[in-house]
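Working notes for the structure below.
The structure presented is a predicted model; accordingly, all values stated were derived computationally and were not measured.
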Amino acid sequence: MVPEASSILWIATSADEEASDVRNGSGDADASVLFNLSGFRVHAHTMVEGEWWLAVDTIETRAACRTCGVFGVGNGRRKVLIRDLPIAGVPVVLVWSKRTWRCREAECERGSWSETCDEIGVRASLTERARRDICRRVGRDLDTVAEVAREFGVGWFCAHQAVIDHGDELIEADRRLEHVTALGVDEHTFHHANASRRTQMVTTFVDIDRGRLLDAVPGRSGEVVRTWVKARPFWWADRIQIATIDAFAGYASAIRDVLPDATLVVDHFHAIRLASECVNDVRRRVQQATTGHRGRKGDPLYGIRRILLMTWKNLNDKGWERLRAGLAAGDPDGEIAAVWLARELLSEAYAANGIAHARRRLIVFFQHAADAEIPELTRLARTVDRWSKEILAYHTTGGASNGPTEAINLLIEKIRRIGHGYRNFDNYRRRLLLGCGIQWTTVPTHRIRGRQPASAA
Ligand SMILES: [Zn+2]
């Protein structure tokens with residue numbers, strides 16, 4: 001889209017005419033104030049095909065040669081176009097009349113040079129403040145790079161580079177690794193297996209107290225945890241009092257190695273996830289046994305697959321009705337119902353009133369699992385038994401790890417969905433940390449209305 005030649009001509013001419021204004025300091029003072037880029041002023045503006053074109057230049061009136069230090073003489077101007085932050089939702093193009101200078105010193109080798117500024121990089125197509133804003137939009141607000149690039153009128157790679165440059169700076173500078181006392185270790189799938197690769201897992205480290213992602217590392221093993229913790233300063237590990245993990249022996253033994261003073265907890269979130277997998281396994285087996293095929297639309301068990309993963313506390317009358325009808329039609333031996341109940345009983349152990357109460361509730365869970373005689377449930381009960389110390393530790397460590405872990409997992413899921421999956425792990429890690437790992441500073445604004453709503457007429 002090329003703006004009308006006459007408009008460009010107009011803005012270019014006014015930029016030249018301004019040369020005489022430099023000395024008496026005129027220009028569009030109001031526009032300069034609103035433009036608000038230190039060291040710059042606006043001396044003309046025009047609307048070109050729905051975009052603001054602003055003719056700007058610096059207020060600098062002299063410049064010393066960087067080679068010999070002698071002040072240079074003006075050597076004309078060169079126009080460059082740069083995109084800036086939108087004004088009131090309207091895209092902005094800056095027409096910067098860049099001064100060029102020539103060294104007065106005859107002996108000097110430098111010849112001529114043009115002015116530079118921190119806010120506008122050499123040959124940049126965006127101002128730095130626009131690049132910072134792109135990073136914030138993609139990182140904090142979870143907008144896609146494509147979407148933001150379109151809005152700023154630049155290419156995908158240009159916007160993406162802004163996210164890399166400013167994002168990495170933020171990630172490095174943030175103090176996210178300081179003052180952590182409760183560490184959550186979790187894992188999720190980065191890439192599902194296909195013909196050419198195996199499933200790729202990612203281990204995530206979470207600050208449970210602040211509910212923030214500390215890091216994401218490829219792989220799922222004790223070695224990943226060991227290496228990551230060992231890379232922290234020595235005092236960092238000393239401060240960790242609680243470590244919550246999945247019931248995964250690799251993580252547990254690594255934590256015992258590198259964080260010997262931390263209390264190991266298998267928290268509610270992870271235990272229930274394990275039990276939910278068990279519900280899914282039994283549902284799939286019963287589905288196959290009763291219908292001879294995998295669940296599909298119209299099958300009673302397939303219809304309630306999501307309800308089966310909900311706790312009874314979250315079911316309304318309609319949900320109960322669907323659950324009961326689905327099980328009556330598709331679960332002839334009551335196996336799914338039994339596993340579903342087992343998961344609720346396990347959840348009750350977490351909701352218990354103190355450790356003694358929780359221990360009694362676990363006994364109820366074990367009793368139920370033994371009576372049911374379902375292979376998947378027996379296996380789950382064995383796992384729970386093996387980890388009962390860590391499960392009960394939930395009650396001695398404040399029991400508050402669930403919310404943050406779950407919230408971070410939901411955010412991770414959201415970021416993956418928005419990005420339609422990621423091929424490059426570095427990009428993925430950057431986006432995760434920008435989205436749920438760092439503290440974004442937002443300048444507070446004043447209220448322009450009182451707290452009380454205006455009284456209705
Ligand atoms: Zn010089």
Can you check salt bridge (Lys or Arg N to Asp or Glu O under 4.0 Å) on R256 and D261, steps first, answer last? CA-CA 8 Å; R256 286 192 193 104; D261 299 332; over 6 Å; no

Side chains of [X] and [Y]: does their closest heavy-atom pair fall under 4.5 Å?
X    : Y    : result
R136 : D141 : yes
C68  : C103 : yes
C108 : T67  : yes
L309 : N280 : yes
V138 : L434 : no
L183 : T244 : no
L126 : F152 : yes
I412 : T204 : yes

Any ion pair linking [Y] and [X] (charged N to carboxylate O, less than 4.0 Å)?
X    : Y    : result
E277 : R379 : no
E119 : R132 : yes
R137 : E147 : no
R66  : E109 : no

Quick check: are there more than 12 heavy atoms from other residues, nucleotides or ligands sitting under 6.0 Å from [atom1] of [X]?
X    : atom1 : value
E172 : CD    : no
E413 : CD    : no
W312 : CH2   : no
R198 : CZ    : no
D118 : CG    : no

[X] side chain to [Y] side chain, donor-acceptor N/O pair below 3.5 angstrom:
X    : Y    : value
S196 : N194 : yes
Y251 : T203 : yes
H191 : T199 : no
T127 : D84  : yes
H166 : E128 : yes
E344 : T311 : yes
T181 : D209 : yes

Salt bridge (Lys or Arg N to Asp or Glu O under 4.0 Å), that's the test. Do E51 and R83 meet it? Break it down for me. CA-CA 10 Å; E51 298 185 3; R83 287 214 167 261; 3.1 Å; yes

Among R430, R429, R431, which residue meets the salt bridge (charged side-chain N to carboxylate O under 4.0 Å, His left out) test with D168?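 Single salt bridge (charged side-chain N to carboxylate O under 4.0 Å, His left out) partner of D168 among R430, R429, R431: R430.
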
For [X] and [Y], take the angle between the two ring planes, folded into 0 to 90°, and tell me which bin it lands in: parallel under 30, tilted 30 to 60, perpendicular over 60.
X    : Y    : value
Y422 : Y428 : tilted
W156 : H160 : parallel
W228 : F205 : parallel

Sub-6.0 Å ring centroid separation between W96 and F40: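 Centroid separation for W96 and F40: below 6.0 Å.
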
For W52 together with H45, are the ring centres under 6.0 Å from each other?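 So the answer is yes for these two rings.
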
Side-chain donor or acceptor of [X] paired with backbone N/O of [Y] under 3.5 Å:
X    : Y    : value
T189 : H192 : no
H395 : A349 : yes
R283 : I304 : no
N424 : D426 : yes

My understanding is that only residues two or more places apart in sequence, or in another chain, count here; which of them pass side chain to side chain donor-acceptor pair (under 3.5 Å) with R176?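 None.
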
Please report the C-alpha distance between R416 and H188 in whole Å, then the side-chain angles of each, then the deciding distance to 0.1 Å, and finally whether the side chain to side chain contact (heavy atoms under 4.5 Å, CB included) criterion is met. CA-CA 11 Å; R416 288 158 55 82; H188 65 267; 4.2 Å; yes

Using the rule side chain to side chain donor-acceptor pair (under 3.5 Å), only one of K98, E115, R41 pairs with T58; which is it?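 Result for side chain to side chain donor-acceptor pair (under 3.5 Å) with T58: E115.
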
Applying salt bridge (Lys or Arg N to Asp or Glu O under 4.0 Å) to D207 and R210, what does each step give before you reach the verdict? CA-CA 6 Å; D207 176 348; R210 284 181 290 190; 2.7 Å; yes

Using the rule given for side chain to side chain contact (heavy atoms under 4.5 Å, CB included), can you reason through E105 versus C65, listing the C-alpha separation, both sets of side-chain angles and the distance that settles it, and then say yes or no? CA-CA 9 Å; E105 180 55 56; C65 170; over 6 Å; no

Could you walk me through whether E223 and R226 satisfy the salt bridge (Lys or Arg N to Asp or Glu O under 4.0 Å) test, starting with their C-alpha distance in whole Å, then the side-chain angles of each, then the deciding distance to 0.1 Å, before giving a yes or no? CA-CA 5 Å; E223 204 42 47; R226 262 187 216 101; 3.3 Å; yes

